Amino acid sequence: MSEDIKNFIVISIAYLVTFSITFTLITPLQNYLLVGIPNTISILFLPHGVRILAAHFYGWKSIPYLLPSAYFMYFIMTRVQGLHLDPITPTISIISAYMGVKLTMIFTRLSHSNFDFVSWKWILLAGFLGSIINGLGHGLAQSEFSLSSQILGYAIGDVAGQFTLMLCLIFYFRFIQKSEQA
């Protein structure tokens with residue numbers, strides 16, 4: 001099996017799993033506890049972490065890797081859950097993540113070779129920038145622009161989800177490493 005197909009499968013599964021966790025566990029809890037927040041904004045959006053990490057590790061290839069699973073989840077959200085979203089929103093989100101990573105690399109003058117997983121602060125900055133771009137893009141696509149709810153809502157939920165996902169991955173890999181040593 002080619003490396004691209006393996007990467008596509010792993011990224012797709014990660015995106016689908018984190019999206020499913022977000023909308024089956026986090027969203028109902030959010031709707032129960034925080035009534036005023038719309039369903040289109042999640043306070044802990046785990047898939048943003050997958051988008052950022054994919055863009056970090058695979059660069060522009062993350063875009064075609066993520067598109068099928070993003071549009072599959074778009075279909076689920078619009079057809080099954082009845083949310084009204086613009087069809088371009090999955091593409092905006094994926095490209096925004098890539099742009100966030102690229103802008104962070106430019107601003108910090110880091111190359112891809114020294115922009116490694118240890119640089120978690122830079123990856124979080126990339127997630128924040130990608131989220132701001134995502135909020136702007138979604139606001140323009142929906143013909144409504146609200147700094148507080150659109151951009152700030154996306155930034156908080158996306159970065160919180162990314163941070164949570166990164167923490168879970170750190171603990172998971174440490175657990176695997178300790179179990180292999182034992």
Side-chain angles (χ1 to χ4, degrees), residues 1-101 126-127 129-146 149-162 164-166 168-169:
M1 190 181 298
S2 81
E3 193 68 27
D4 283 329
I5 293 173
K6 288 179 187 175
N7 295 339
F8 167 74
I9 291 170
V10 168
I11 290 171
S12 294
I13 290 171
Y15 192 81
L16 293 172
V17 166
T18 56
F19 216 106
S20 297
I21 291 169
T22 298
F23 279 91
T24 59
L25 295 175
I26 297 168
T27 300
L29 187 61
Q30 174 181 317
N31 290 340
Y32 180 73
L33 296 174
L34 306 168
V35 179
I37 297 177
N39 282 343
T40 55
I41 296 176
S42 175
I43 60 166
L44 194 65
F45 192 67
L46 300 173
H48 183 68
V50 174
R51 292 190 300 237
I52 292 296
L53 291 174
H56 164 67
F57 286 112
Y58 301 108
W60 68 268
K61 286 185 174 185
S62 65
I63 297 169
Y65 290 160
L66 284 162
L67 277 174
S69 56
Y71 273 97
F72 176 74
M73 292 313 296
Y74 168 82
F75 175 78
I76 298 293
M77 289 174 55
T78 57
R79 299 294 183 248
V80 177
Q81 292 190 347
L83 294 177
H84 300 287
L85 300 171
D86 193 288
I88 194 73
T89 57
T91 303
I92 290 170
S93 297
I94 293 167
I95 292 173
S96 297
Y98 173 73
M99 290 174 63
V101 170
L129 291 175
S131 184
I132 296 295
I133 297 166
N134 190 26
L136 286 169
H138 281 251
L140 293 172
Q142 297 169 4
S143 300
E144 50 187 65
F145 185 78
S146 171
S149 67
Q150 197 75 29
I151 298 172
L152 194 58
Y154 279 114
I156 292 169
D158 286 354
V159 175
Q162 176 190 356
T164 302
L165 179 67
M166 288 173 61
C168 290
L169 288 172

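In what follows, every heavy atom counts, from backbone to side chain, and hydrogens, waters and symmetry copies are set aside. Because the structure is predicted, anything quoted here is derived from the model rather than measured.
Ring geometry, Y58 versus Y65: the interplanar angle exceeds 60°, so the pair is classed perpendicular (tilted spans 30 to 60°). A tilted orientation is assigned to the rings of F19 and Y15, their planes being inclined by 30° to 60°.
Inspection of the H56 and S62 side chains reveals no N or O donor paired with an N or O acceptor under 3.5 Å.
Residue P90 comes nearest to A70 through the heavy atom pair CB-CB, 3.9 Å, listed as atom of the first residue, atom of the second, then distance.
Interatomic distance, L66 CG to M73 CE, rounded to the nearest 0.5 Å: 13.0 Å. Put simply, CG on D158 and CG on L129 are 12.0 Å apart, with the number rounded to the nearest 0.5 Å. The structure places CG of L53 at 6.5 Å from CD of Q162, a figure rounded to the nearest 0.5 Å. In this structure, CD1 in I26 is found 11.0 Å from OG in S20, a value given to the nearest 0.5 Å. Atom CG of L34 sits about 11.0 Å away from atom OG1 of T27, to the nearest 0.5 Å. Atoms OH and OG, from Y74 and S93 in turn, are 11.5 Å apart once rounded to the nearest 0.5 Å.
By the 6.0 Å contact criterion, OH on Y71 is enclosed, its count of non-hydrogen atoms from other residues, nucleotides or ligands being greater than 12.
Looking at heavy atoms from C-beta onward, I156 lies out of side-chain contact with I43 at the 4.5 angstrom threshold.
With H48 contributing its side chain and G161 its backbone, the two residues share no donor-acceptor pair below 3.5 Å.
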**OP:** Check the pair I92, N134 against side chain to side chain contact (heavy atoms under 4.5 Å, CB included), reporting the backbone distance first and the verdict last.
**Re:** CA-CA 6 Å; I92 290 170; N134 190 26; 3.8 Å; yes

